[in-house]
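What follows is a set of notes on a single structure, which appears directly below.
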Amino acid sequence: LVLLSLFVMIVAYGEDRAVRVESAMRRMRVGQFALWDMGGIAPNQPLATALRGGLRDIAVTKDGRVVGMLWRNRLLAELGSAANGRTVAEAMEPDPITVDADMPIHDVQRLMDEQGRWAVPVLEAGMYRGIFTGDRFLHIYRQLSPDPVRSLRELLDRGPLARLRA
């Protein structure tokens with residue numbers, strides 16, 4: 001009976017934690033967490049220019065509007081082959097999925113998961129604002145959902161048991 005009670009408490013704690021994290025992510029807007037990447041890259045730029053900020057997924061923009069996405073895997077493949085003289089427009093995926101800056105992080109993550117995308121451009125009033133990535137989502141998730149084992153250790157280290165050990 002004690003084990004059953006312990007099991008129910010652990011499951012209830014996990015469920016409560018999941019509900020709190022989801023609720024927080026529904027209140028947070030993706031625009032707050034979009035990463036500015038110097039405005040993306042123009043479609044007429046040489047492919048090698050896309051590496052200027054390091055290897056990453058990058059939005060392709062023209063006059064502040066998103067016209068495509070240049071995925072890091074595609075960039076590597078293109079640069080590994082005969083990419084001399086090729087432009088970003090030749091390697092980009094045209095008309096990518098975009099999200100509005102006011103969209104909840106929870107909904108953006110679900111969309112990214114459904115579409116199999118690791119990054120999405122974030123728009124504000126139709127203009128490019130930044131990019132939201134899976135890495136950024138994981139960072140936010142970890143901030144909202146700290147490791148319960150570490151929290152328990154910290155509690156024990158500063159609680160009544162810590163005074164007994166001293």
Side-chain angles (χ1 to χ4, degrees), residues 11 13-151:
V11 170
Y13 172 77
E15 180 68 21
D16 176 63
R17 202 169 126 202
V19 167
R20 282 186 285 122
V21 168
E22 181 178 332
S23 176
M25 287 192 177
R26 286 184 185 280
R27 290 189 310 270
M28 300 167 94
R29 303 296 176 224
V30 73
Q32 297 172 291
F33 302 98
L35 301 171
W36 179 250
D37 60 354
M38 300 177 289
I41 190 168
N44 62 347
Q45 292 289 315
L47 272 177
T49 306
L51 292 173
R52 72 175 176 220
L55 184 63
R56 67 197 187 290
D57 299 322
I58 187 166
V60 181
T61 59
K62 185 173 183 180
D63 300 323
R65 301 208 180 271
V66 176
V67 295
M69 263 314 271
L70 183 58
W71 302 105
R72 68 181 123 196
N73 292 342
R74 179 73 188 265
L75 177 60
L76 279 174
E78 292 289 334
L79 290 173
S81 66
N84 292 341
R86 297 206 54 196
T87 64
V88 169
E90 296 174 82
M92 74 178 191
E93 175 186 301
D95 302 317
I97 297 163
T98 59
V99 297
D100 188 76
D102 287 329
M103 194 170 181
I105 289 175
H106 177 269
D107 297 345
V108 173
Q109 188 277 329
R110 288 187 63 169
L111 178 67
M112 289 168 61
D113 187 46
E114 289 168 2
Q115 299 296 321
R117 296 295 180 208
W118 192 245
V120 290
V122 178
L123 309 180
E124 189 169 42
M127 301 300 283
Y128 181 63
R129 166 118 188 247
I131 194 161
F132 186 75
T133 66
D135 289 335
R136 190 73 171 145
F137 173 79
L138 289 174
H139 173 76
I140 295 165
Y141 179 82
R142 286 184 187 125
Q143 294 301 312
L144 292 174
S145 179
D147 179 13
V149 174
R150 188 180 75 216
S151 299

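Heads up: numbering here begins at 1 and tracks the sequence. Just so you know, these numbers use all the heavy atoms, side chains as well, and skip hydrogens, waters and symmetry mates.
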Once you round to the nearest 0.5 Å, how far does [atom1] of [X] lie from [atom2] of [Y]?
{"X": "T133", "Y": "D135", "atom1": "OG1", "atom2": "CG", "value": "5.0 Å"}
{"X": "I140", "Y": "Q32", "atom1": "CD1", "atom2": "CD", "value": "8.5 Å"}
{"X": "L75", "Y": "L55", "atom1": "CG", "atom2": "CG", "value": "6.0 Å"}
{"X": "I41", "Y": "I58", "atom1": "CD1", "atom2": "CD1", "value": "5.0 Å"}
{"X": "E93", "Y": "R74", "atom1": "CD", "atom2": "CZ", "value": "9.5 Å"}
{"X": "Y141", "Y": "Q109", "atom1": "OH", "atom2": "CD", "value": "10.0 Å"}

What heavy-atom pair brings [X] and [Y] nearest, and what distance separates the two atoms?
{"X": "A50", "Y": "R56", "value": "O-NH1, 3.7 Å"}
{"X": "M69", "Y": "P96", "value": "CG-CB, 3.7 Å"}
{"X": "A91", "Y": "R86", "value": "N-NH2, 4.4 Å"}
{"X": "Y128", "Y": "G39", "value": "CE2-C, 3.7 Å"}
{"X": "S145", "Y": "V21", "value": "CB-CG2, 3.7 Å"}
{"X": "M92", "Y": "V67", "value": "CE-O, 3.6 Å"}

Are the side chains of [Y] and [X] in contact, using a 4.5 Å heavy-atom criterion?
{"X": "I105", "Y": "F33", "result": "yes"}
{"X": "D107", "Y": "R26", "result": "yes"}
{"X": "L47", "Y": "L79", "result": "yes"}
{"X": "R117", "Y": "W71", "result": "yes"}
{"X": "F137", "Y": "V108", "result": "no"}
{"X": "E90", "Y": "T87", "result": "yes"}
{"X": "R29", "Y": "M103", "result": "no"}
{"X": "M28", "Y": "L144", "result": "yes"}

Please check this pair: side chain of R136 against backbone of L35, looking for a donor-acceptor N/O pair closer than 3.5 Å.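 No: the side chain of R136 does not pair with the backbone of L35.
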
Is the closest basic N to carboxylate O distance between D57 and R72 below 4.0 Å?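 A salt bridge is present here (some side-chain N lies under 4.0 Å from a carboxylate O).
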
